[in-house]
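For reference, the structure discussed in these notes is given below.
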Amino acid sequence: MTRPTRVRFAPSPTGPLHMGGVRTALYNYLFAKKYNGTFVLRIEDTDSQRFTPGAEEYIIESLRWCGIMPTEGVDENGKVVEEASSQHPHAPYRQSQRKAIYRKYADQLVASGNAYYAFDSAEELATLRSEMEAKGETFIYNYSTRKNLRNSLTLGEDEVKRLLEETNDWTIRFKMPENRVVAMDDLIRGHIEVNTSTLDDKVLYKRADELPTYHLANIVDDHLMEITEVIRGEEWLPSLPLHYLLYEAFGWQDTMPRFAHLSLLLKPDGKGKLSKRDGDRLGFPVFPLNWLSSTGEVYSGYREKGYFAEAFVNLLALLGWNPGNDQELFTLEELTQAFSLDRVVMHGARFNPDKAKWFNKEYLRKHSDESLAKDFEAILEEKGIKADFDYVVKVVSLIKERATFVADFWDIAWYLFKAPCEYVEKDVAKFWKEENYTLAFKVADFIAAFPGELEKEALESALEEYIRGNEWPMGKVMNCLRLALVGSSSGLGIADIVCLLGKDEFERRVAAIKTALC
Ligand code: GLU
């Protein structure tokens with residue numbers, strides 16, 4: 001019987017969620033939606049040393065911003081569900097709250113001979129490691145070395161019992177078989193085989209903090225939460241043989257999830273993994289939202305840099321997956337329809353910051369003038385400018401094609417909200433010549449006398465006719481007017497600017513440049 005699709009995103013709250021992590025969440029989300037399944041959020045917080053306050057909230061806020069909220073694991077307010085209920089039989093979803101569950105599974109593995117108690121202290125292991133290193137070798141706790149170490153395989157039964165009762169820094173380790181080939185299948189990478197002799201006896205449970213390690217908690221929870229597909233980053237591929245063997249050791253092979261390991265996101269030059277420091281070093285964000293580290297470093301986020309969530313989601317979807325045709329713009333709904341794991345690539349996906357901007361530019365054009373005007377109003381307000389909303393909408397409709405971010409609006413069109421207080425020297429030197437500006441002043445008078453309501457097309461053709469009719473140099477005259485209105489020789493067409501500013505402001509600016517430069 002096929003089981004209902006249940007996938008999960010299982011981040012560890014050790015810091016802000018990297019964009020690679022958001023991509024993992026997105027692929028899980030798309031997969032769940034495509035198969036009418038459930039997308040679970042599970043917080044893997046068993047490593048108390050690396051726990052970072054605020055990281056869980058950051059993860060949830062990021063997913064919410066992207067519009068890819070889990071359908072289970074969090075409630076409608078985005079809080080992680082704390083207790084099991086008929087609605088949430090799989091709760092709690094934070095592993096630290098599931099502590100009581102894991103010990104019995106660890107003990108079960110010891111009882112079945114698949115795991116053992118290890119009593120070696122951290123100091124003993126550190127000494128062994130440095131001794132081996134001195135000889136140019138690496139210490140591995142495995143089928144060979146465990147025979148000479150302090151564990152329940154080498155110590156007598158009474159001694160083991162005593163140590164279990166009297167000490168509390170022992171661990172439970174997986175007894176990795178010697179020389180066995182584990183045959184695995186990955187939905188992206190295909191068939192993989194690994195010989196167990198290359199693997200170590202991973203710690204599954206730590207008595208000291210009474211917590212399982214990632215491997216045990218992850219397998220037990222995926223089983224109890226009835227996960228059908230595990231879609232995660234390729235850094236977990238080396239753990240796959242152990243995970244297969246854990247399913248086998250528990251006798252859960254029949255319901256073992258299928259696995260898909262996603263390739264890494266690479267730096268723009270393709271050399272190595274996109275790391276958290278690359279972003280600010282190379283001038284683009286690698287995190288969805290801003291993050292302030294406990295040491296005071298600020299990592300910038302896509303949201304704060306002015307990216308639209310839809311653009312961010314769209315660009316992430318295509319970093320490692322392709323639709324099989326050349327379509328690049330997808331709504332979330334379209335992605336859900338088109339997504340499939342067999343089109344996820346096996347090689348690393350190189351991140352291209354220019355392409356990221358291209359996506360934002362495309363999405364900016366798709367936004368309505370009204371919604372962009374609302375976003376722009378917030379920027380204007382920060383600058384202390386209060387403008388009529390209809391006016392802002394008009395400005396936006398004229399300039400949106402030129403912008404990549406809403407924040408660009410100000411750079412493109414600030415002069416439509418305040419008069420220039422200086423004139424760019426280089427442009428003045430080039431255009432502000434008596435033979436030009438005297439003509440420009442005549443054109444200004446013509447505009448001032450223009451009958452009726454200012455209307456762009458009418459004004460534009462009247463100006464064209466007037467200037468050409470007089471055989472005046474169009475470019476030079478217009479640049480003088482632009483200097484008056486913008487403070488430089490770049491900007492929108494004169495008719496556009498005049499219609500927006502209105503005659504009074506137009507005349508004020510012409511008078512101002514006359515005073516300043518004549
Ligand atoms: N907690 C692991 C992580 O943060 C999850 C790995 C998995 O999905 O199995 O990447």
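Sequence positions, counted from 1, serve as the residue numbers for this chain. As the structure lists them, so they are numbered: ligands from 1, and atoms in each ligand from 1. Only this structure's heavy atoms are used, side chains among them; waters, hydrogens and symmetry mates stay out.
Residue Tyr214 touches ligand 1 through its side chain alone, judged by heavy-atom distances below 4.0 Å. Proximity of Arg8 to ligand 1, defined as any heavy-atom pair under 4.0 Å, is confined to the side chain (atoms from C-beta onward).
Taking both residues in full, the closest heavy atoms of Gly233 and His261 are given as O-CD2, 3.5 Å, listed atom of the first, atom of the second, then distance.
Residues Phe409 and Phe376 place their aromatic rings such that the two centres sit under 6.0 Å apart. A ring-centre distance under 6.0 Å is not found for Tyr302 and Phe287. For Tyr116 and Trp170, the distance between ring centers is not under 6.0 angstrom.
Close approach of ligand 1 to Asn218 (heavy-atom distance below 4.0 Å) involves ligand atoms 7 (C), 9 (O). Close approach of ligand 1 to Glu44 (heavy-atom distance below 4.0 Å) involves ligand atoms 1 (N), 2 (C), 5 (C).
The closest side-chain donor-acceptor pair between Glu333 and Thr331, if any, does not fall under 3.5 angstrom.
Between Arg281 and Asp278 a salt bridge is recorded (basic side-chain N to carboxylate O distance below 4.0 Å).
The distance criterion of under 3.5 Å between nitrogen or oxygen atoms is met by Arg232 with respect to ligand 1. The distance criterion of under 3.5 Å between nitrogen or oxygen atoms is met by Ala10 with respect to ligand 1.
Closest to atom 10 (O) of ligand 1, if we only count protein heavy atoms, is Trp236 NE1, 3.0 Å.
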